[in-house]
Number of protein chains: 2
Amino acid sequence: MTSQPILEPATDESCCARAGMPALGAEEAKQKALVFKALADPNRLRLLSLVKAEASGESCVCDLTEPLDLGQPTVSHHLKILVDAGLLHREKRGTWAYYSLVPGALEKTAGLLATL
Amino acid sequence: MTSQPILEPATDESCCARAGMPALGAEEAKQKALVFKALADPNRLRLLSLVKAEASGESCVCDLTEPLDLGQPTVSHHLKILVDAGLLHREKRGTWAYYSLVPGALEKTAGLLATL
DNA sequence: CCTTGATATTGATAATCATCAATGTTGGGT
DNA sequence: ACCCAACATTGATGATTATCAATATCAAGG
């Protein structure tokens, strides 16, 4: 059940980020921290980098397992975390699962830092 | 001893980030992950936000303890992590310790995402 | 000096996390 | 129907981590 993207929760209740509030609320902070948690692991950063570097824009798990020197279940686990964070998109075609960057997700994450 | 800033390691051996390398190396990834690890906690995000929101640009620990509903040692611990990551600057004046944003650190962190 | 107040550090504990081995699932070929 | 290949899930384990209580440091005032 743990599969709702964090980065675009399909809108909160209010339309835009808080107007002139003094500081980050507890709930907002928890949401934003989830995205950074997804980035807080070297192997996940490398996964993002590998997917981004792929000319076709997408990579399957088998292409990502070897360069990271990790087992396939571990790679799948990391990819799931990145998908749940809204950073990667997963598309299954046949036996393969293709992962690609969610367009604009990295930029949006960078924006989270600006609106702290 | 764990007090070297990550965000500006005073230069690696080579001058600039890798030129046309296919993907993030293991060592680079570990360094970048350290910064995101520092951001991967709701209370630390709120600390950054509180410091940023302060008109004077700096906050002492006593001002940060109450709004987060955390004990003073815990806040000090989080602040240390943010300082070690190169995000906050600490200046001790008298009995108080004043924390302020390192200029450009958040922007530089955002840049890390662009150069994945 | 002695006390007080503001922070930092240490030690302990419960929770979270990264990893792997084993197993489950599912789609394509024979 | 059967098997194989690609991927996901589960369970277990060792390593980090967030937190607090207790204690240490350290500067300013009396």
Side-chain angles (χ1 to χ4, degrees), chain A residues 1-3 6 26 29-48 50-51 54 56 58-85 88-100, chain B residues 1-3 6 26 29-48 50-51 54 56 58-85 88-100:
Chain A
M1 60 185 72
T2 64
S3 289
I6 310 302
K30 193 181 281 187
Q31 292 296 317
K32 295 190 178 188
L34 283 178
V35 182
F36 291 117
K37 255 192 242 286
L39 295 167
D41 180 275
N43 287 318
R44 284 197 289 269
L45 289 180
R46 298 186 74 191
L47 282 174
L48 286 175
L50 285 166
V51 170
E54 200 65 25
S56 64
E58 44 182 30
S59 312
C60 61
V61 179
C62 57
D63 289 335
L64 300 169
T65 300
E66 182 216 336
L68 259 60
D69 199 46
L70 286 180
Q72 172 264 316
T74 303
V75 172
S76 276
H77 173 240
H78 284 312
L79 288 170
K80 176 169 171 42
I81 289 174
L82 291 169
V83 169
D84 287 352
L88 283 187
H89 171 251
R90 174 180 184 270
E91 182 184 354
K92 189 136 192 194
R93 286 203 303 272
T95 316
W96 286 269
Y98 292 94
Y99 288 88
S100 56
Chain B
M1 58 184 76
T2 64
S3 291
I6 310 302
K30 193 181 283 187
Q31 292 295 318
K32 296 190 177 187
L34 283 178
V35 183
F36 291 117
K37 256 192 241 283
L39 296 167
D41 181 275
N43 286 318
R44 284 198 290 270
L45 288 180
R46 298 185 74 190
L47 282 173
L48 286 175
L50 284 166
V51 171
E54 200 65 26
S56 64
E58 45 182 29
S59 312
C60 62
V61 179
C62 56
D63 290 333
L64 301 170
T65 300
E66 181 216 336
L68 259 60
D69 198 47
L70 286 180
Q72 171 265 318
T74 303
V75 172
S76 275
H77 172 240
H78 283 312
L79 288 169
K80 176 168 170 43
I81 289 175
L82 291 169
V83 168
D84 288 352
L88 284 186
H89 172 251
R90 174 181 184 270
E91 182 185 353
K92 188 137 193 193
R93 287 202 303 273
T95 316
W96 286 269
Y98 293 93
Y99 288 87
S100 56

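Everything quoted here is computed from the prediction, not taken from an experiment. Naming: A, B, ... by sequence-line order, numbering from 1 per chain. Only this structure's heavy atoms are used, side chains among them; waters, hydrogens and symmetry mates stay out.
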> Are any non-hydrogen side-chain atoms of B:Phe36 and A:Leu45 less than 4.5 angstrom apart?
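Contact flag for B:Phe36/A:Leu45 side chains = yes.
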> Separation of A:Trp96 atom CH2 from C:dG27 atom P, in whole Å?
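Spelled out: CH2 on A:Trp96 to P on C:dG27 is 13 Å.
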> In this structure, how many angstroms lie between the C1' atom of C:dT19 and the CG atom of A:Leu68, rounded?
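For the pair A:Leu68 CG and C:dT19 C1', the rounded distance is 13 Å.
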> If you round to the nearest 0.5 Å, how far is CG of B:Leu48 from NZ of A:Lys32?
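The distance works out to 11.0 Å.
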> Can you tell me how far CG of A:Asp41 sits from NZ of B:Lys37, rounded to the nearest 0.5 angstrom?
6.0 Å
> What's the closest nucleotide to the side chain of B:Thr95 if the choices are D:dC20, D:dA28, C:dC20?
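Of the candidates, D:dA28 comes closest.
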> With nearest nucleotide decided by heavy atoms, which residue, A:Arg93 or A:Asp69, maps closer to the 5′ end of DNA chain C?
A:Asp69
> What nucleotide, of D:dA18, C:dA18, C:dT19, holds the atom closest to the side chain of B:Ile81?
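Comparing D:dA18, C:dA18, C:dT19 against the side chain of B:Ile81, the answer is D:dA18.
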> Could you work out which one of D:dA27, D:dA8, C:dT9 sits closest to the side chain of B:Lys80?
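Closest nucleotide among those given: C:dT9.
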> So, is A:Tyr99 close to the D:dA6 phosphate, meaning a side-chain N or O under 4.0 Å from OP1 or OP2?
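So the side chain of A:Tyr99 is outside the cut-off, no N or O lying under 4.0 Å from OP1 or OP2 of D:dA6.
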> Check whether any side-chain heavy atom of B:Leu79 sits under 4.5 Å from a side-chain heavy atom of B:Leu64, and report yes or no.
yes
> Report the distance from atom CG of B:Leu64 to atom C1' of C:dT7, rounded to the nearest whole Å.
12 Å
> Heavy atom of residues 71-79 of chain A under 4.0 Å from DNA chain C: which residues?
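Heavy-atom cutoff 4.0 Å gives A:Gly71, A:Pro73, A:Thr74, A:His77, A:His78.
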> Just jot down the side chain to side chain contact (heavy atoms under 4.5 Å, CB included) partners of B:Ile81, sequence neighbours excluded, or say none.
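Partners of B:Ile81 under the side chain to side chain contact (heavy atoms under 4.5 Å, CB included) test: B:Ala38, B:Arg44, B:His77.
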> Hey, does the side chain of A:Arg90 come within less than 4.0 Å of D:dC7's phosphate (OP1/OP2), counting only N and O?
no
> Rounded off to whole Å, could you give me the CZ-to-C1' distance for the B:Arg44 and D:dT19 pair?
12 Å
> Which whole-number value in Å describes the distance from B:Leu82 CG to C:dT7 C1'?
16 Å
> C:dA18 P sits how many Å from A:Leu45 CG, rounded?
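After rounding, the gap between these two atoms is 12 Å.
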> Output the rounded distance in Å from CD (B:Glu91) to P (D:dA27).
15 Å
> Does some side-chain heavy atom of B:Asp84 sit less than 4.5 Å from a side-chain heavy atom of B:Leu34?
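Heavy-atom side-chain distance check fails, nothing below 4.5 Å.
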> A:Val61 side chain: which of C:dG5, D:dC7, C:dT7 is closest?
D:dC7
> Nearest whole angstrom, please: distance from the P of D:dT17 to the NZ of A:Lys37.
11 Å
> Given side chains that start at C-beta, do those of B:Ser59 and B:Leu50 come closer than 4.5 Å, heavy atoms only?
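B:Ser59 does not reach B:Leu50 side chain to side chain.
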